[in-house]
Novice: 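Provided herewith is a single structure, encoded as structure tokens, for subsequent inquiry.
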Amino acid sequence: MESKTKRTLVKSAPELWELADDLARMEAWMAGVVGTSQSVSVEVTDRQPERMLAWRTSGVQAGEARIALELAAEGWGTSVSIVAQHSRPDSGDVDTVLEQLLDELGSPERRPFTRS
């Protein structure tokens with residue numbers, strides 16, 4: 001099955017890329033897509049900095065799934081498109097995971113306060 005979502009986020013492509021191109025995040029997002037609470041090992045299959053990132057499950061323990069994330073400048077922000085290919089019978093669960101992924105990418109990053 002295939003699930004898709006798209007949203008324009010008020011962040012630059014470099015900011016979003018920094019968040020998305022993180023192995024631990026990719027593993028956590030993949031866990032949501034395959035329907036497990038534990039992170040899932042992934043393998044990056046395509047990486048075009050600040051434009052496109054795709055990864056898939058590596059290993060058969062979690063089932064096969066693939067996520068592709070595309071970034072494109074749009075108005076005051078960046079359009080983020082996500083496509084997930086999966087084998088879950090209820091694609092509504094995956095749609096929810098993808099919306100949460102967009103929420104996470106769009107939320108303000110909290111940086112620790114440092115004194116000079």
Side-chain angles (χ1 to χ4, degrees):
M1 299 197 72
E2 187 173 275
S3 297
K4 299 178 183 182
T5 191
K6 183 177 181 177
R7 190 185 307 167
T8 299
L9 302 176
V10 186
K11 284 190 176 181
S12 68
E15 287 176 290
L16 292 168
W17 184 260
E18 184 179 337
L19 295 171
D21 193 20
D22 176 89
L23 185 60
R25 275 196 172 105
M26 287 187 267
E27 291 174 341
W29 293 335
M30 185 60 79
V33 169
V34 299
T36 183
S37 60
Q38 298 177 346
S39 64
V40 173
S41 295
V42 299
E43 170 187 359
V44 174
T45 57
D46 194 1
R47 179 182 275 126
Q48 298 171 27
E50 298 179 18
R51 292 189 50 227
M52 208 280 228
L53 183 63
W55 62 98
R56 66 178 179 200
T57 54
S58 66
V60 294
Q61 81 280 4
E64 290 189 31
R66 182 179 187 279
I67 298 174
L69 183 141
E70 292 188 41
L71 305 174
E74 186 171 307
W76 293 95
T78 304
S79 173
V80 181
S81 300
I82 305 170
V83 177
Q85 296 172 337
H86 56 90
S87 57
R88 290 185 65 182
D90 185 0
S91 62
D93 293 340
V94 177
D95 293 342
T96 300
V97 168
L98 297 183
E99 288 298 324
Q100 290 170 343
L101 191 158
L102 285 173
D103 290 344
E104 183 179 336
L105 287 173
S107 68
E109 286 292 301
R110 294 188 177 153
R111 298 179 192 248
F113 177 76
T114 58
R115 294 180 184 208
S116 316

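Values below: all heavy atoms of this structure, side chains included; hydrogens, waters and symmetry mates excluded.
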Novice: Checking side chain to side chain contact (heavy atoms under 4.5 Å, CB included) for the pair Leu53/Met26: CA distance, chi angles, key distance, verdict?
Specialist: CA-CA 10 Å; Leu53 183 63; Met26 287 187 267; 4.0 Å; yes
Novice: Does CD belonging to Glu2 count more than 12 external heavy atoms closer than 6.0 Å?
Specialist: yes
Novice: With hydrophobic residues grouped by side-chain heavy-atom distances under 4.5 Å, do Leu102 and Val33 end up in a single group?
Specialist: yes
Novice: Any non-hydrogen side-chain atom of Ser87 less than 4.5 Å from a side-chain atom of Glu64?
Specialist: no
Novice: Please determine whether side chain to side chain contact (heavy atoms under 4.5 Å, CB included) holds for the pair Thr5 and Asp95, giving the CA-CA distance in whole Å, both sets of side-chain angles, and the decisive distance to 0.1 Å.
Specialist: CA-CA 7 Å; Thr5 191; Asp95 293 342; over 6 Å; no
Novice: Measuring from atom OG of Ser39 to atom CG of Leu23, what distance do you get when rounded to the nearest 0.5 angstrom?
Specialist: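 That separation rounds to 8.5 Å.
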Novice: Check this for me: does any side-chain nitrogen of one of Arg7 and Asp103 sit under 4.0 Å from a carboxylate oxygen of the other?
Specialist: yes
Novice: With a 4.5 Å cut-off on side-chain heavy atoms, are Ile82 and Trp29 touching?
Specialist: no
Novice: Rounded at 0.5 Å granularity, tell me how far CE in Met52 sits from CG in Leu71.
Specialist: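 The CG atom of Leu71 is 10.5 Å from CE of Met52, to the nearest 0.5 Å.
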Novice: Taking Val44 as the starting point, is it possible to reach Val83 by hopping between hydrophobic residues whose side chains are less than 4.5 Å apart?
Specialist: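 No: no chain of side-chain contacts under 4.5 Å links Val83 to Val44.
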Novice: By side chain to side chain donor-acceptor pair (under 3.5 Å), which residues pair with Trp55, not counting sequence neighbours?
Specialist: none
Novice: Strictly distance-based, threshold 3.5 Å: is any side-chain N or O of Lys11 a donor or acceptor partner for the main-chain N or O of Pro108?
Specialist: no
Novice: At what distance, to the nearest 0.5 angstrom, does CD1 of Ile67 lie from CZ of Arg56?
Specialist: 13.5 Å
Novice: Report the C-alpha separation of Leu98 and Val94 in whole Å, then their side-chain angles, then the decisive distance to 0.1 Å, and conclude whether the side chain to side chain contact (heavy atoms under 4.5 Å, CB included) test is met.
Specialist: CA-CA 6 Å; Leu98 297 183; Val94 177; 4.3 Å; yes
Novice: Measure the spacing between CG of Leu9 and CG of Leu16 and express it to the nearest 0.5 Å.
Specialist: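 Rounded to the nearest 0.5 Å, the CG-CG separation comes to 5.5 Å.
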Novice: Yes or no on side chain to side chain contact (heavy atoms under 4.5 Å, CB included) for Arg47 and Trp17, after CA distance, side-chain angles and deciding distance?
Specialist: CA-CA 10 Å; Arg47 179 182 275 126; Trp17 184 260; 3.6 Å; yes
Novice: Tell me every residue that passes salt bridge (charged side-chain N to carboxylate O under 4.0 Å, His left out) with Asp93, counting only those two or more places apart in sequence or in another chain.
Specialist: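 Checked Asp93 against salt bridge (charged side-chain N to carboxylate O under 4.0 Å, His left out); matches are Arg88.
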Novice: State the CD-OG1 distance between Glu50 and Thr78, to the nearest 0.5 angstrom.
Specialist: 9.5 Å
Novice: With no hydrogens and no angle check, is any side-chain donor or acceptor of Ser81 less than 3.5 Å from a backbone partner on Glu70?
Specialist: no
Novice: Would a 4.5 Å heavy-atom cut-off, applied to side chains only, mark His86 and Ser91 as touching?
Specialist: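 Side chain of His86 against side chain of Ser91, heavy atoms only: contact under 4.5 Å found.
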Novice: Measuring from Leu19:CG to Leu69:CG, what's the distance to the nearest 0.5 Å?
Specialist: 10.5 Å
Novice: Are Met1 and Met30 connected into the same hydrophobic cluster when the rule is that any two of I, L, V, M, F, W, Y join if their side-chain heavy atoms are below 4.5 Å apart?
Specialist: no
